[in-house]
Chemist: 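Below are the structure tokens for one structure; questions will follow.
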2 protein chains.
Amino acid sequence: MPHCHTFLARLREAGCRITPQRRQVVSVLAHSGRHMTAEEVHRETSASDHIVNLATVYRTLDLLVELGLASRALLGSGSTVYATGEHGPHVHLVCRLCGKVIEMDASKLEGLFNLVKDSYGFVCGPRHFGLSGVCIDCANTEEKVDSK
Amino acid sequence: MPHCHTFLARLREAGCRITPQRRQVVSVLAHSGRHMTAEEVHRETSASDHIVNLATVYRTLDLLVELGLASRALLGSGSTVYATGEHGPHVHLVCRLCGKVIEMDASKLEGLFNLVKDSYGFVCGPRHFGLSGVCIDCANTEEKVDSK
DNA sequence: CTGTTTGCAAAAACTTTGCACGTCG
DNA sequence: CGACGTGCAAAGTTTTTGCAAACAG
């Protein structure tokens, strides 16, 4: 049950009130350890004691993104997903053919983030982003088949 | 008027027909040299001779993404944008506070793409992705103001 | 108490689909 | 010609909004 406290503390710091709904959303997202759609967050929060309205889930996720506690990304074919910056930098390799998502540890990418910072003064938020490409399986398949 | 030919050739290779609409969409996206929403592509194609239906724009953009000729990404607060892989690798630094987008040349990132390839056999498609963070202006502002 | 936050339901925004007609090759 | 692609309009999705009631601090 990792650092929900941290998240809630930063919410409070920002002058936001801590409500059961926000606890729920933060908790679900932080514990999942993965990226989730708003719909999924909604489903999981509803599984517990408090039922959190979908609109509220959206509002809370927006809030988290704005505060830099979570990131929003587009995976595969059009699903918007959210994730906390919890587990350090992560890259999602999204295959544009089969939609599979490989999670890659990005601790080796500190160089990238530093470069960005030094060049532009731009501080990367939750270091979490997606890369589009073709996975090894699809690459193999592609060689044989070549229909539209 | 850069390499539209290349794009069209690859469309044909893939067994797709070359229609005026596809020419238009490809041309607009390739020339713009930036990322655009489907709406924007639609608006610009309509400015020229042929008016391309919005649904067709979506269908064509999907096609380009599927063939790896363009990439789809989520910039700032929820707008899905498309871009060709034309100008070599590019990173978009998206400020989560003001929404500003800085374009960063990513030629120094070959290391990243090679790492991905070697570790997972995953070939990054259009090398074009977004990084979320806080730009230098907002970082300065943030220090003084601290309202919600 | 008082300004935030929520739930609800409706609206807006965005994207996809079915189908008849048009067109590329 | 014949299969593929397009326009149109309608249906789906996903996300946002307005407002009264509920609530944190």
Side-chain angles (χ1 to χ4, degrees), chain A residues 7-28 35-43 45-46 48-67 70-82 99 146-148, chain B residues 7-28 35-43 45-46 48-67 69-70 72-82 99 146-148:
Chain A
F7 288 82
L8 296 175
R10 300 208 21 203
L11 273 180
R12 177 167 289 135
E13 267 174 45
C16 297
R17 290 182 178 170
I18 307 305
T19 65
Q21 290 85 347
R22 287 179 175 165
R23 280 181 202 282
Q24 281 293 117
V25 170
V26 164
S27 165
V28 165
H35 43 266
M36 311 173 79
T37 64
E39 205 22 84
E40 287 171 334
V41 172
H42 175 237
R43 200 175 314 130
T45 55
S46 301
S48 336
D49 9 332
H50 279 279
I51 291 168
V52 182
N53 188 72
L54 180 58
T56 300
V57 170
Y58 275 108
R59 284 186 281 224
T60 306
L61 290 174
D62 282 352
L63 182 60
L64 293 176
V65 171
E66 205 174 292
L67 294 176
S71 63
R72 203 192 334 248
L74 191 63
L75 287 199
S77 47
S79 35
T80 305
V81 293
Y82 297 82
D146 207 297
S147 62
K148 177 235 155 143
Chain B
F7 288 82
L8 296 175
R10 299 206 25 201
L11 272 180
R12 177 166 291 134
E13 266 174 46
C16 299
R17 290 181 179 171
I18 307 305
T19 65
Q21 290 87 347
R22 287 180 176 165
R23 276 178 205 285
Q24 280 294 116
V25 170
V26 164
S27 166
V28 164
H35 43 263
M36 312 173 76
T37 63
E39 239 328 290
E40 286 171 335
V41 172
H42 174 237
R43 201 176 311 132
T45 55
S46 302
S48 338
D49 10 331
H50 278 283
I51 292 170
V52 182
N53 189 72
L54 180 57
T56 301
V57 170
Y58 274 108
R59 284 185 280 222
T60 306
L61 290 173
D62 282 353
L63 182 60
L64 293 176
V65 170
E66 205 174 290
L67 294 176
L69 300 175
R72 204 193 331 248
L74 193 62
L75 286 198
S77 45
S79 36
T80 304
V81 293
Y82 296 82
D146 207 299
S147 61
K148 179 235 152 132

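Naming: A, B, ... by sequence-line order, numbering from 1 per chain.
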Chemist: Among the nucleotides D/dG5, C/dT15, C/dG25, which one has an atom lying closest to any side-chain atom of B/L54?
Modeler: C/dT15
Chemist: It should be established whether B/R17 places a side-chain nitrogen or oxygen under 4.0 Å from OP1 or OP2 of nucleotide C/dT23.
Modeler: no
Chemist: Mind calculating the distance between NE2 (A/H42) and C1' (D/dT16) to the nearest angstrom?
Modeler: 15 Å
Chemist: Compare side-chain N and O positions of B/T19 against OP1 and OP2 of C/dT23 and report whether any pair is under 4.0 Å apart.
Modeler: no
Chemist: Less than 4.0 angstrom between a side-chain N/O of B/T80 and OP1 or OP2 of C/dC14, yes or no?
Modeler: no
Chemist: Among the candidates D/dC23, C/dT16, C/dC8, find the nucleotide nearest to the side-chain atoms of B/D62.
Modeler: C/dT16
Chemist: Record whether the side chain of B/R59 comes under 3.5 Å of the base of D/dG7 through a donor-acceptor pair of N or O atoms.
Modeler: yes
Chemist: Side chain of A/R12, heavy atoms from C-beta onward: which of D/dG2, C/dT15, D/dG25 has the nearest atom to it?
Modeler: D/dG25
Chemist: Rounded to whole angstroms, how far apart are CD on B/E13 and P on C/dG25?
Modeler: 15 Å
Chemist: Take the protein atom CD of B/E40 and the nucleotide atom P of C/dC14, then report the distance between them rounded to whole Å.
Modeler: 11 Å
Chemist: Counting the atoms with a prime plus P, OP1 and OP2 as sugar-phosphate, which does B/L61 contact under 4.0 Å by heavy atoms, base, sugar-phosphate, or nothing?
Modeler: nothing
Chemist: To check you understand the geometry: which heavy-atom pair defines the closest contact between A/R23 and A/L8, and what is its length?
Modeler: NH1-CD1, 3.7 Å
Chemist: Let me spell it out: for each of B/Y82 and B/R23, pick the nucleotide of DNA chain C with the closest heavy atom. Which residue's pick is nearer the 5' end?
Modeler: B/Y82
Chemist: Between D/dT6, D/dT17, D/dG25, which nucleotide has the shortest distance from any of its atoms to the side chain of B/Q21?
Modeler: D/dT6
Chemist: In whole angstroms, how far is the P atom of D/dT13 from the CD atom of A/E39?
Modeler: 11 Å
Chemist: Rounded to the Å, how far apart are B/Q24 CD and D/dT6 C1'?
Modeler: 14 Å
Chemist: Is the shortest side-chain N/O distance from A/T56 to OP1 or OP2 of C/dG7 below 4.0 Å?
Modeler: yes
Chemist: What is the distance from atom CG of B/D62 to atom OH of B/Y82, rounded to the nearest 0.5 Å?
Modeler: 5.5 Å
Chemist: With respect to the side chain of A/A38, which nucleotide from D/dT15, C/dT5, D/dG5 is positioned closest?
Modeler: D/dT15
Chemist: Can you list everything that forms a ring pair (Phe, Tyr, Trp, His ring centres under 6.0 Å) with A/H42? Sequence neighbours excluded, please.
Modeler: none
Chemist: Round to a whole Å and report the spacing from CG of B/N53 to C1' of C/dA20.
Modeler: 15 Å
Chemist: So B/R10 and B/L67, side-chain contact (heavy atoms from CB on, under 4.5 Å) or not? Walk me through it.
Modeler: CA-CA 8 Å; B/R10 299 206 25 201; B/L67 294 176; 5.9 Å; no
Chemist: In terms of side-chain heavy atoms of A/Y58, which of C/dT6, D/dA3, D/dT14 is nearest?
Modeler: D/dT14
Chemist: Would you name the heavy atoms of A/A38 and A/L54 that are closest together and state the gap between them?
Modeler: O-CD1, 4.2 Å
